[in-house]
Number of protein chains: 2
Amino acid sequence: MQYQSYPDTLTTEQELRQIYLFSCLNDQQLARIKQSVRQIQLEDGEYLFKQGQRTEHFFMLKEGHIKLLRLSLEGAEKVFEVILPGQTFAEAIIFLPKSIYPVSAQSINSSVLLSFENKIFIDILKESSATCFQLMSYMSQRLRMWINEIDNLTLQNATHRLVNYLLYQVPGEHSNVYEFNFSIPKHVIASRLSIKPETFSRILHRLNREGLITVKGRTVHIHNVDRLRLQTVNTDSIIE
Amino acid sequence: MQYQSYPDTLTTEQELRQIYLFSCLNDQQLARIKQSVRQIQLEDGEYLFKQGQRTEHFFMLKEGHIKLLRLSLEGAEKVFEVILPGQTFAEAIIFLPKSIYPVSAQSINSSVLLSFENKIFIDILKESSATCFQLMSYMSQRLRMWINEIDNLTLQNATHRLVNYLLYQVPGEHSNVYEFNFSIPKHVIASRLSIKPETFSRILHRLNREGLITVKGRTVHIHNVDRLRLQTVNTDSIIE
DNA sequence: ACTTTTGTTTGATCTTAATCAATGACGATT
DNA sequence: AATCGTCATTGATTAAGATCAAACAAAAGT
């Protein structure tokens, strides 16, 4: 893990301002954040933190990918989430005094992050009701996300989860063909979806055979987004 | 669903003060809450709200049990959580404007609840940084809870989940024998643990055969808590 | 270019828990 | 006490996905 002091340029301010959680801060508050910022470089496979460690920082990913995971006693790995560039993470679990990270964070490829001190951010939260509300609404969304996640795991089967994942990659406007690349290895996506790599591969194969998609390496070509959508359920917003 | 106006007695204030989220409010703020409180009576099986409905209230359960659930398209029911007396619920999802309940809430047995208006509580949150922090720390805990839930679903098997549930019923100090009653039907617990009733029954039977527990009706007798603990993993606080 | 490592696919087999079906137990109602 | 409905248990069978094993492909190191 390579720490770098953070260059004091105009771009700095702009970069911090773009972060959702900091968008309501005044100049003085932002200056305090800025002063505690450190930039971190991670190699492929390197850990940022491990489950059970004290939480003293939260992070914003600038480049690369971070997977949040847990290991079972038998050594099985479950990926809970894959962080993409632009996202902040580990900021929602800082409220229990002496709290610990509930998951480990490991770099996929090499990554660049900014790290922020919890203590300083909490002090600012005490002054900024607007920022409290931003954080609360963010936490709200995440609570909802986990509920959908459990829905997927318990009421949906492996194919549904995988199709859901594929559809999640498609921007809203497309309804016909769409092509994208997996930005991370397939076995990581598989673990994220709680599917074994072998099963993951077989499901893709079957969707191919059914004429819904074509997969070549990391490239996925969806022949008809709407038809693929028929394979799943919109898990949110069901009345009755 | 039977609405009742809320009696204006001294007990009222005390009852509201005991609610964790209201413990930091001043008299004037509590009075505003009090004015919007309604008491609700639910029959066995009656719904308090359904998934997809607009969230305008949150609740505190006084008596009975409430299950939070989702239905799959095929009609399968998944219980996400069982609310016990004293708990507040549906308060963490009110921050998205025009937000909707992510689950349905149905009464087990008959229940008595207090309902509070989101709008009024949000106004108070804007004034009370302390209450914001209470809510945020509450949401933090719940986020962690869902992560543990997914750990249980993906890294643990049905027996582990059931043993975890049994151990969760045991207050900390006991390490030898302990006896308790299931307060809700077994099939609800089964769904809560994502296990079919048949499998649930078979696992209890097996634990019995292994000399770990004795089950008679709703009564569970654990012969040796520590020995039962060996069957599982403490999912939280694992470093390395 | 060749070797090694890592990741992916394919086939055969196994395991866990679900499903299907029937019976039994219990509580509530009459 | 008899009946009904709900809930729980038990047995037989099935199915989804995991595991094991091997081949294959692609990337990385030498």
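Naming: A, B, ... by sequence-line order, numbering from 1 per chain.
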How long is the line joining [atom1] of [X] and [atom2] of [N], in whole Å?
{"X": "B/Lys78", "N": "C/dA18", "atom1": "NZ", "atom2": "P", "result": "11 Å"}
{"X": "B/Asn109", "N": "D/dC7", "atom1": "CG", "atom2": "C1'", "result": "13 Å"}
{"X": "B/Arg218", "N": "D/dC7", "atom1": "CZ", "atom2": "C1'", "result": "9 Å"}
{"X": "B/Lys216", "N": "C/dG24", "atom1": "NZ", "atom2": "P", "result": "17 Å"}
{"X": "B/Arg206", "N": "D/dT9", "atom1": "CZ", "atom2": "P", "result": "15 Å"}
{"X": "B/Glu77", "N": "D/dC7", "atom1": "CD", "atom2": "P", "result": "11 Å"}
{"X": "A/Ile184", "N": "C/dG7", "atom1": "CD1", "atom2": "P", "result": "13 Å"}
{"X": "A/Leu153", "N": "C/dA18", "atom1": "CG", "atom2": "P", "result": "14 Å"}

Contact under 4.0 Å: A/His187 side-chain N or O vs C/dT8 OP1/OP2: yes

Side-chain N or O of A/His205 closer than 4.0 Å to phosphate OP1/OP2 of C/dT10: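 Checking A/His205 against C/dT10: at least one side-chain N or O falls below 4.0 Å of OP1 or OP2.
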
B/Ser175: partners by side-chain hydrogen bond (donor to acceptor under 3.5 Å, both in side chains), with sequence neighbours left out: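 Checked B/Ser175 against side-chain hydrogen bond (donor to acceptor under 3.5 Å, both in side chains); zero matches.
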
Annotated protein contacts, base or backbone, on nucleotides 12-30 of chain D with a non-hydrogen cut-off under 4.0 Å, one of B, S, - each: B----SSBB----------

B/Leu69 and its side-chain contact (heavy atoms from CB on, under 4.5 Å) partner, picked from B/Glu77, B/Lys78, B/Arg192: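 Single pass found, and it is B/Glu77.
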
Check ion pair B/Glu210-B/Arg206 (N to O, under 4.0 angstrom): yes

Reported CZ-to-CD distance for the pair A/Arg161 and A/Glu149, which is rounded to 0.5 angstrom: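 Between atom CZ of A/Arg161 and atom CD of A/Glu149 there are 9.0 Å.
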
Separation between OH of A/Tyr101 and CZ of A/Phe89, rounded to the nearest 0.5 Å: 8.5 Å

A/His223 and A/His221 aromatic ring geometry - parallel, tilted or perpendicular at 30°/60° bounds: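 Ring orientation of A/His221 relative to A/His223: tilted.
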
